[in-house]
Structures are given as C-alpha cells and as structure tokens.
Amino acid sequence: MVQSHHFECAVFFMSFFSKLKDAILGKGSRSGEDLSSIAEIEDILIEADFGFALASRLAKQIAKKGNPIENLNIELRSMLTPFVRDLEIVSEHKPFVIFVVGVNGCGKTTTIAKMIHFLMLNGKKVAVAACDTFRVAATDQLNYWAEKIGCEIYKAKECQKDPASLAFESIKATNSEVLIVDTAGRLQSNTNLMDELSKMYRVVAKVDSSAPHMNIMIIDATTGQNAIEQIYAFGSIFPISGFIISKMDGNAKGGTIVRIVDELKIPILGVGIGESITDFEKFSVDIFLKGLME
Ligand SMILES: Nc1nc2c(ncn2[C@@H]2O[C@H](COP(=O)(O)OP(=O)(O)OP(=O)(O)O)[C@@H](O)[C@H]2O)c(=O)[nH]1
Ligand SMILES: [Mg+2]
C-alpha cells in the first residue's frame, strides 16, 4: 500500500513523553518506584486521555521493576502493535460496502475524501454515496470532494430524504469495486438518528446479504473519554470493524487511541492529520513512541 508522509503529531507525543520522563526521573528517583512518582505518572497519563483505570494500571505496572521508561515503551508497543492495520480492501464482494459513522463534526466526510484518494492511489475503483440527507450542505460538501478526486458519486434527488433507500440504490447501480457510504453525524443519544442507521444497515443487506462489509467509526482525536461511549453506542447497531482517528494534527492526546485498543480491541485503520486529501496515513507505533526513548 502507498503511504503518504508521516504524521506530525510526534511533537505532541515528545512533549507528553518528556513530561513523563521528568516525573519518573526528575526527582532523583531513577527507579520511579516511589509512590509520589507513581501518582505523578498516573496524573500525566490521565491528562493525556488514557482514562483513570488504564492510567493507574500502567503507572503501577511500569514502576514495578527495571527501567520504567523502557517498561512503558514495551508495554505500549505490545498493546498497540496487534491493532494497527492498513486500510485495505481484500474481498471478493463487489461493491465492497463501507459505512462511515460517527458523531457530529468528527470528520467523517473529510476522512471519506482521504480514504477515496488513498484507495484510488492503490488502484481501486471507488464510488461514494451521499447518505447524509440530514444536513442541507452535506451532499454539496461530499460532491466537492468527489469532483476534485474524480470519483463516482450517488446523490439523493430533491424529494428523496431516506438515506437507506439511497444506499440501497447506490449498491445496485455502481460498477465500482468499493462503495463508501457517508452518513449523517449523530450523537449516540439521538434515538431517531440511531434508528435510521439501524434501518440503513438492514436495508443494504437486502441487495447483498453480506453488506455492509466494513463499518468504520471516525473518532475525533480531541474527544477524550467520550470516544469509548461513542464506539459502544454505534457498536450496538452493527459490529465496528475499525476506527480512524481524525484531527491528530490538533491538540490531540494520544491516550484515547491506547484506551480504545485496550478496552475495545478494535483495529486502528488510519490517522487524519489535516484537512486535505493527502493528510491520511497508517498509524505508526514507532512515531507514537518516538519521544519516549529519545
Ligand atoms: N485539522 C484537521 N481538521 C479536520 C480533520 N478531519 C476533518 N477536519 C475538519 O473538521 C471539520 C468537520 O469535518 P467533516 O468531515 O465535515 O465532519 P463530519 O463528521 O462529516 O461532520 P457532520 O457530517 O456535520 O457530522 C471540517 O472543518 C474539517 O475540515 C483532520 O484530520 N485535521
Ligand atoms: Mg459529514
């Protein structure tokens, strides 16, 4: 698979890890075993969105024996590595249907544009269905990207507001290998919109009983603890195949990624690092941990 430039949030992680190193080593305690440094490590991890339970488990674990920084490096690497995947379509299904879901403004439509670009660079013929019929400008936004990238787009007609029937018709009509379905942003607490998603899921199975073949959840990297709740809620409608973290170029705190992987055991399929179509890449454990061992 083609990979674009490396994600640049390493700067944030370096400052996060240097804070951790200060907490571990700064007090002259080279082992990090004293209680005050465990508490401090725990606080820094909580601040970086690891969540209380994981932060306190990690803080205790790394302080046990040996070098705490090395321990943390080994621990995080072994937690993350098994869950890093390429955004790869390896399936006989045609079209291979991907639902892209998430809360309002998390970056679904922009990430779809990046995914289309990425998949097309890797030789796939991709189409997109503008199934966010809820927000007025949503179709125009997706249309802008589709035209820019040069990919086939299915849009609702003026009178057609039902995203499930648009998804159904798009699957029937397309000749592309991959069909990405954009969906309306919805808070996990909005019952009507969650029911609508559930209907889309049932309806596409009427064209192809194995569809959708992938349900990707977009998580805004700045979300913090609510990310877990979001994935649980969407995961109660259909199995979440993986997640993509958007907005890692902002003031993201990497702890969310570790927590999702640790708690929910779902793969991370990519990272969004800006607003243009090339700002997408595979998550790199090495870059994530770079600051820790320097
Ligand atoms: N900096 C940065 N901005 C991003 C990234 N991804 C998305 N955005 C911006 O976030 C805002 C929301 O992105 P959208 O793609 O419209 O989000 P959405 O989930 O489709 O929004 P709704 O359809 O309204 O729910 C836009 O201004 C995007 O340009 C990213 O990786 N980095
Ligand atoms: Mg959108």
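Order of listing sets the numbers, starting from 1, for every ligand and every atom in it.
Heavy atoms of Asp249 found under 4.0 angstrom from ligand 1 belong exclusively to the side chain. Contact annotation for Ile273 and ligand 1: only backbone heavy atoms (N, CA, C, O) come within less than 4.0 Å of the ligand.
Between Arg135 and ligand 1, an N or O atom pair is found at a separation short of 3.5 Å. By the 3.5 Å distance cut-off applied to N or O atoms, Gly105 is counted among the residues near ligand 1.
Nearest protein heavy-atom neighbour of atom 14 (P) of ligand 1: Thr110 OG1, 3.5 Å. In terms of protein heavy-atom proximity, atom 30 (C) of ligand 1 is closest to Gly274 O, 3.1 Å. Among protein heavy atoms, atom 18 (P) of ligand 1 sits closest to Lys108 N, 3.4 Å. The closest protein non-hydrogen atom to atom 16 (O) of ligand 1 is Gln141 NE2, 2.9 Å. Of all protein heavy atoms, the one closest to atom 17 (O) of ligand 1 is Gly107 N, 3.0 Å.
The distance from ligand 1 to the heavy atoms of Gly185 drops below 4.0 Å at these ligand atoms: 25 (O). For ligand 1 and Gly272, the ligand atoms under 4.0 Å from any heavy atom of the residue are 31 (O). Near Asp132, meaning under 4.0 Å from any of its heavy atoms, are these atoms of ligand 1: 23 (O). Numbered from 1 in the order shown, with element, the atoms of ligand 1 that lie under 4.0 Å from a heavy atom of Asn104 read 25 (O).
By the 4.0 Å heavy-atom criterion, Asp279 is excluded from the residues contacting ligand 1. Within the 4.0 Å heavy-atom cutoff, Lys114 counts among the residues contacting ligand 1. Residue contacts with ligand 1: Cys106 is included, with a non-hydrogen atom under 4.0 Å away.
More than 12 heavy atoms of other residues, nucleotides or ligands shown are found within 6.0 angstrom of OH on Tyr201.
The option from Leu187, Asp220, Thr109 that lies nearest to atom 20 (O) of ligand 1, judged by heavy atoms, is Thr109. Comparing heavy-atom distances from atom 26 (C) of ligand 1 across Glu275, Lys247, Met248 singles out Glu275 as nearest.
If you take CG on Asn143 and OG1 on Thr139, they are separated by 8.0 Å, rounding to the nearest 0.5 Å. A distance of 9.5 Å separates CD in Glu88 from CG in Leu119, rounded to the nearest 0.5 Å.
Under the 3.5 Å distance criterion, with hydrogens and angles disregarded, a donor-acceptor pair is assigned to the side chains of Gln230 and Asn226. Looking only at atom types and distance, the side chain of Asp208 has a donor-acceptor partner in the side chain of Ser210 under 3.5 Å away. Under the 3.5 Å distance criterion, with hydrogens and angles disregarded, no donor-acceptor pair is assigned to the side chains of Thr183 and Asp132.
Scanning all heavy atoms of the two residues, the minimum distance from Glu42 to Ser56 falls at OE1-CB, 3.2 Å. The two residues Ile69 and Asn67 make their nearest non-hydrogen contact at N-OD1, 2.8 Å.
Distance check for Thr110 against the Mg ion (ligand 2): none of its N/O/S atoms falls below 2.8 Å.
Ion pairing between Lys199 and Asp162 holds under the 4.0 Å rule for side-chain N and carboxylate O.
The aromatic rings of Phe288 and Phe283 lie tilted to each other, with the angle between the two planes from 30° to 60°.
Both Leu264 and Val103 are members of a single hydrophobic cluster when ILVMFWY side chains are connected at heavy-atom separations under 4.5 Å.
Looking only at side-chain heavy atoms (C-beta outward), Lys124 and Ile89 come within less than 4.5 Å of each other.
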